[in-house]
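Heads up: the structure comes next, in structure tokens.
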Amino acid sequence: MQNESEIEIIRTDWSTHRDDLMAIRRAVFVVEQAVPEDEEWDAEDLQSEHFMALTGKRDVVGVGRLQDDAKITRMAVLSSWRGHRIGALLLESMLQRASERGVIPWMHAQAHAIDFYRKFGFEIVGEPFDEAGIAHYMMRLAGER
């Protein structure tokens, strides 16, 4: 297992790294969390900025997506790499990019990940709801309106 300093986060697009992005999301969302395949892929993939976590050996171990409307979506880290700050590195990169773009990021966070996002300053907005059979909450950066 590598340490955090050996992980690189790159910003990319769907046409350049489609297969890598799909492989991680399929493993995490479709296989592990049983999200229907037809709900995982959408038109946002083509127009969004994508982020990938790469090991020193250039293996892709995590992904995330920043949509044009500043929504952070499709954050996924392979199970064998969880607990190694991959999600934190991805989120930090997306938050930095949102800041560069001058947009306020928000998300539909899975209920089990609420505490993770709170560590980065996100707060729950509203009541829980179902998305792809999984409980979610809308979240936004605290103090942002």
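Numbering of residues begins at 1 and proceeds along the displayed sequence.
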Show me the pairs that pass ring pair (Phe, Tyr, Trp, His ring centres under 6.0 Å) and involve residues 44-74, at least two apart or across chains.
Trp14-His50
Short question: side chain of Ser93, backbone of Leu89 - any donor-acceptor pair under 3.5 Å?
yes
Begin from the C-alpha positions of Trp106 and Val125 and carry the test side chain to side chain contact (heavy atoms under 4.5 Å, CB included) through to its verdict.
CA-CA 10 Å; Trp106 62 284; Val125 179; over 6 Å; no
Can you list everything that forms a side-chain hydrogen bond (donor to acceptor under 3.5 Å, both in side chains) with [X]? Sequence neighbours excluded, please.
X: Glu39; value: none
X: Thr16; value: Asp13
X: Asp68; value: none
X: Glu100; value: Gln96, Arg97

Shortest non-hydrogen contact between [X] and [Y], atoms and distance:
X: Ile114; Y: Ala109; result: CD1-CB, 4.1 Å
X: Ala132; Y: Val35; result: CB-CG1, 3.9 Å
X: Leu95; Y: Phe122; result: CD2-CZ, 3.7 Å
X: Ile7; Y: Ala53; result: CG2-CB, 4.1 Å
X: Val77; Y: Leu90; result: CG2-CD1, 4.2 Å
X: Ala76; Y: Ile24; result: O-CG2, 3.7 Å

Does [X] have any side chain to side chain contact (heavy atoms under 4.5 Å, CB included) partners at least two apart in sequence or in another chain, and if so, which?
X: Val30; answer: Arg26, Glu37, Glu40
X: Ala113; answer: Tyr117
X: Glu44; answer: Asp42, Gln47, Ser48, Arg65, Gln67
X: Ser79; answer: Glu32, Arg82

Pairs where residues 128-139 contributes a residue and the test side chain to side chain donor-acceptor pair (under 3.5 Å) is met, not counting sequence neighbours
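Qualifying pairs: His108-Glu131.
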What pairs with His17 under ring-ring contact (aromatic ring centres under 6.0 Å, His included), at least two apart in sequence or on another chain?
none
What I'd like to find out is whether the side chain of [X] reaches to under 4.5 Å of the side chain of [Y], using heavy atoms alone.
X: Leu66; Y: Val103; answer: no
X: Met107; Y: Met75; answer: no
X: Arg58; Y: Glu8; answer: yes
X: Met139; Y: Glu123; answer: no

Approximate separation, where rounding is to 0.5 Å, of Asp20 CG and Leu54 CG:
8.0 Å
For Asp115, give me all partners under salt bridge (charged side-chain N to carboxylate O under 4.0 Å, His left out), at least two apart in sequence or on another chain.
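With sequence neighbours excluded, Asp115 shows a salt bridge (charged side-chain N to carboxylate O under 4.0 Å, His left out) to Arg118, given in chain and number order.
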Testing Arg25, Arg18, Arg74 one by one against Asp45 for a salt bridge (Lys or Arg N to Asp or Glu O under 4.0 Å), which residue passes?
Arg25
Is there a path of hydrophobic side-chain contacts, each under 4.5 Å between heavy atoms of I, L, V, M, F, W or Y residues, that connects Met138 with Ile72?
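In one cluster: no.
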Single-linkage hydrophobic cluster, 4.5 Å side-chain cutoff, Met94 and Ile10 together:
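Same hydrophobic cluster.
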